[in-house]
Structures are given as structure tokens and as C-alpha cells.
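Following: one structure in C-alpha cells, then a few remarks.
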Number of protein chains: 2
Amino acid sequence: MSTRAEETPTQLSAASLQVACAKCGLHDVCLPVGLNDAEVERLDALVVKRQPVERGACLFRAGDRFEALYAVRTGFFKTRTTCEDGREHVTGFQMVGELLGLDGVGTDVHTCDAVALEDAQVCVIPFEKLEDLSREFPGLQHQVHKIMGREIVRDQGVMVLLGSMRAQARVASFLLDLARRLEMRGLSSSALVLRMTRQEIGTFLGLKLETVSRCFSKLQADGLLAVRQRRIQILDPAALRALLSVHPLQAADRALHP
Amino acid sequence: MSTRAEETPTQLSAASLQVACAKCGLHDVCLPVGLNDAEVERLDALVVKRQPVERGACLFRAGDRFEALYAVRTGFFKTRTTCEDGREHVTGFQMVGELLGLDGVGTDVHTCDAVALEDAQVCVIPFEKLEDLSREFPGLQHQVHKIMGREIVRDQGVMVLLGSMRAQARVASFLLDLARRLEMRGLSSSALVLRMTRQEIGTFLGLKLETVSRCFSKLQADGLLAVRQRRIQILDPAALRALLSVHPLQAADRALHP
DNA sequence: CGAGTTTTTGACGGTTTTCAAGGGCGGTGG
DNA sequence: CCACCGCCCTTGAAAACCGTCAAAAACTCG
């Protein structure tokens, strides 16, 4: 496992796969959102290559030179940073239509690994060419900025989660986020099939895998979820949402008289 | 407190303050890094306004329309998000030469408050004009991308801190980060004067203020710091750094035989 | 079908939070 | 100038939460 994607000659014809943002089903959730036809056409000229990534393989690794962004076309990824000492921390999960690689923009070097959690396919977007094109098209330029800006906001949301929520609220938040993203893609927002292990969820949420498992069990016992291994059904989304604002951590009162 | 900056008519002549990135002492740590003379000159034409912000006032607030980035010229800020229920979570501290406002790029609306922790002054950089100019100058465009990219990497570093470090390691990391940033500005990296309260450090690090205080006391008792209220002296930076890789959390072994 | 991984569950211990009280510092007003 | 007051910081003790260790069950893949 963890063989580099480029090293797996599974589909030598990868580069010849036809790409066309204009006709792609992800048109509404991917990079071209909000672009006009002329702009999408130019973007198509730029995104000439699709690349398959086997389950368990890395699309890129920390330390790799940054050259392109990748749009997930099929499959599911995690990004992780490996600390000097071998610990792994998952910084995010990316599904169909989401972008990978923004971590490399700042320093021209990737700072995390992108690992496929199932067989996947990505569209390769050479970043220099994207910069060139976005100087021509204000709409594309704005879209690039928006995508980076949304990533910043997303990261700050995770910071709040990690910094101020209890285990159960973190798990609830994680599931609701996943459900929301699936719904945006027209998929079921109540019947989830997790693509990642408890361990991976745990290092993403700043919890141990046992704690994640216990939270699932507790939420099931309370009737909010039906859990069968990686198949999770959200039975009571409203109650899950209510858990988010329960914060044994950080009391906000005491503004009234001492 | 918390009066909006624009509402404080302390210095009506604010807009008339001369701005010149070319001659600014922050030239080496601020937005113009790496730009050539012509580019800096054009940037000067864009950054026409400085704005004072009183201690305790908000430069912008969550919900405000996003229109500009702000470069801290003097003073010290925190950015915070206030959850629906009134809890506050600090997402970062910004010092001289650092940018504020990137949180608004994604949605055209600010998602956090920027509060001055001491009397401050910022350079206002209208974002639309910055976009216009960066279409002309690839160097500036690249710089804008790099700044956003670095923010993403920084946020992911905070995620790792919050998700996998113990209280003491978080505090050590916080101090070392502060020291590093001061050093980059030619200031002492060993004698720090904190501009924020223990409470604010706590909500940034995902800890209670008492825990932060206890960590300071412990680090002082161990001879790594000298703590006198907000005056903190780093006595043993190497030992502080060593604390970062101590992780009672997340055992990395077990790769060897079961 | 069997080996290995993943998940669940239990008991225990450690870290951090919670609750509470006291002290220091700076600002305001007498 | 000094006293008072509010805010910030420190410290202690008890409790809650989560991590650690361990074992067994369930699932997956070869």
C-alpha cells in the first residue's frame, strides 16, 4: 500500500481519457461553478488529463513539489500530515467534486499526503496554467480565490470543532457535515456509508478510535443513529444538530451579575 | 468596548495619512514581499488609506460585507468566531505585517470578528482592486495566492496542534510560534510581552484559562520559562521544542510485530 | 475457510475541566 | 496620594471526560 499513484501502471491510457468540464456531472459542485461557457471551454483546454489513483495509493505526498490542483472525479480521499515522529493526523476528507492540493500553494511544496480511500480518478489542473488563465478571465480568478477562501473558512470551522466541542458533538458534527456534502451532490443525506476507519475519523476529530466507536454506540442507544459497521443511518438529524450547541466546555453565561 | 472602528472619530484625518509600501518598515514581512519596484509602486496606489483601530474595537465583524484585506501596521489583533450560543473561539492572533480579512474571500462576508488587543493601525487593501491589479502583475497574483496558501497551511498546523497535542505541548507551541514571528521582525525572541489574556490564549488553544495558567506555572517550575503576569521570558527554547514531540497522545509504535 | 484488520466493549487511570477562593495589578475617584 | 474596585491571574480539590490497555466479536479479503 501507499505506492505512489504515478508508479502504478494500471491504466497507461490515463492521459488519453477525455475530459470535459462542460459535460461533467460535477459541473455544479466543482471548479467551474459560476463560469460562463467561454470560460469553461478554456478551462477544458487546461484540464487535459485525468489520473486514476488506486485505493491506498498517494496522489501526492508531503515534500512533493506542488504543480497542480486535483479535482476529485470519482472516489474518496483523505489528506494527512505525518509528524516527525510518525504520528498521523488527518486534516480532511475529500469527496467527488472537491479539490485537493491547495496545501501546496503557499510554499510550492505539498505539506500533506493525499491518500485514496477507494479507487479514484482525479482531473489534473496545472496550477501555473490556471494562474495564467485566471489573469485572462476575472470570473475564473474570482472563483480560484473563492475556493481558497472557502478552504480557509472550512479549516477555521474545524479549529472551532477541535477547540471547543466534546467528543460526542465532534462526531455529530462530522456526520452532519458528511450528510450535507452528500446532499449537495444529490445523494442520500441519511444513509451514509463511511469510507474511512474509526481510526481515521479519530485522528481527524482529535479523538481515539475507541472514543469514536463509543460515541457511535451512544448515539445509537439514544436513537439518533443506526450503526452497522460503516453503514450509518441518521435517524434524527434535528437531535444531532441540537448536540452541537451543547457545550459542557466553555460556559458563556456569567455575564449577568457575579 | 467593542465599538466599531469606523464609529470612533478619533482621527478624522485617517484617510489622509500617507501610505507607501515602498518605504514601509514592514516591506519584508508584509504583502509586497518579492515584488519588484514597479509592482510595489502600483500597490501603493491601491493602498491609499490607513485606518486606526482603538484597543477593544472591531476592525470588522462576522456578517460584515467583505471588501478589503487589512495589513497590520502597528498593534496586535485577535480574530474570533462567536458561536450561536455566545461562546467565543479565537482563531488566531495577528501582529505587525500580517494580513486580516482572508476569512471573507470565500463568501464575500466576514465569518469572524477582528478585535484590536491594543491601539492599532491597519493599511486598507480593497480586494476588488487587488484582484484587478493582480491580473496585470503575475508577481502580485502569485503573492496573493501564496498568502492564502500559507494561511491554509497555518490553519492546518493549528488543527494538528488542537487534535493531537497535550495542554503543555500546546502552550509550548504557542510560545515558540510567537517567538518565531517576533524574531522574523527583528524583535527579541526570548522576552515576550503577551498582548492577550489567559482566557484568550485558552480559547485559541482549546484549553480553559486555568489550564493555561497551570502550564505556565509548570514550565516556570521546570526552569523553561520565567513568567511574570504577561511578561514571559523563554529560558530554554530547546527544551520547549522537545516538548512538542512528546505525545502521550497517539502512540506511533506498533508498526513492529503485533 | 482462515488470517488479519476493524470494531466493539469493559475496567482503570490520567489529564483536563469545574468549582471555589484568594491575591495582584491598574484605573478611578475621593 | 491613597483607597477602592474590577479584572486578571494563580492555586487547590474534586469530578468528568477521554485515553490507555486488554480482550473478544465482526467483518473483509485472499
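None of these values were measured; they are calculated from a predicted model. Naming convention: chains lettered A, B, ... in sequence-line order (proteins, then strands); numbering from 1 in each chain. These numbers come from the heavy atoms of this one structure, side chains and all, not from hydrogens, waters or symmetry mates.
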Atom pair distance, as rounded to whole Å: [atom1] in [X] and [atom2] in [N]:
| X | N | atom1 | atom2 | answer |
| --- | --- | --- | --- | --- |
| A:Arg230 | D:dC29 | CZ | C1' | 13 Å |
| B:Arg198 | D:dT11 | CZ | P | 10 Å |
| A:Ile201 | C:dT8 | CD1 | P | 9 Å |
| A:Lys208 | C:dT7 | NZ | C1' | 15 Å |
| A:Glu210 | C:dT6 | CD | P | 13 Å |
| B:Arg231 | C:dC25 | CZ | P | 10 Å |
| A:Leu207 | C:dT7 | CG | P | 15 Å |
| A:Gln229 | C:dT8 | CD | C1' | 9 Å |

When you measure only distances, ignoring hydrogens and angles, does the side chain of B:Arg170 come within 3.5 Å of the base of C:dT15 through a donor and an acceptor?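 Result: no qualifying N/O pair found.
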Is a donor-acceptor pair below 3.5 Å formed from side chain A:Arg214 to base C:dG10, judging by atom type as modelled?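 Answer is yes: a donor-acceptor pair is held.
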State whether the side chain of B:Asp103 and the backbone N or O of B:Thr111 hold a donor-acceptor pair below 3.5 Å, judged by distance alone.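 Yes; at least one donor-acceptor contact below 3.5 Å.
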Test your reading of the model: is there a side-chain donor-acceptor pair from B:Arg231 to the backbone of B:Val227, 3.5 Å cut-off?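 Looks like no, no N/O pair under 3.5 Å.
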Does any non-hydrogen side-chain atom of B:Arg73 lie less than 4.5 Å from one of B:Gln51?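 Sidechains of B:Arg73 and B:Gln51: no contact.
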Mind checking if [X] touches a base, just sugar-phosphate, or nothing, with heavy atoms under 4.0 Å?
| X | value |
| --- | --- |
| B:Val212 | nothing |
| A:Thr197 | sugar-phosphate |
| A:Ser213 | base |

Of the nucleotides D:dT10, C:dT8, D:dG19, which has the atom closest to the B:Leu209 side chain?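 The closest nucleotide is D:dT10.
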Closest-nucleotide mapping onto DNA chain D: is A:Cys215 or B:Phe216 further toward the 5' terminus? I mean the 5' end.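 That would be B:Phe216.
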Side-chain N,O (A:Ser217) to OP1/OP2 (C:dT8) below 4.0 Å: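 So the side chain of A:Ser217 is outside the cut-off, no N or O lying under 4.0 Å from OP1 or OP2 of C:dT8.
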Proximity of A:Phe204 and A:Phe93 rings by center, below 6.0 Å: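 They qualify: ring centres under 6.0 Å apart.
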Determine whether the side chains of A:Thr81 and B:Gln156 contain a donor N or O and an acceptor N or O closer than 3.5 Å.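 Their side chains do not contain a donor-acceptor pair, so the 3.5 Å distance test is not met.
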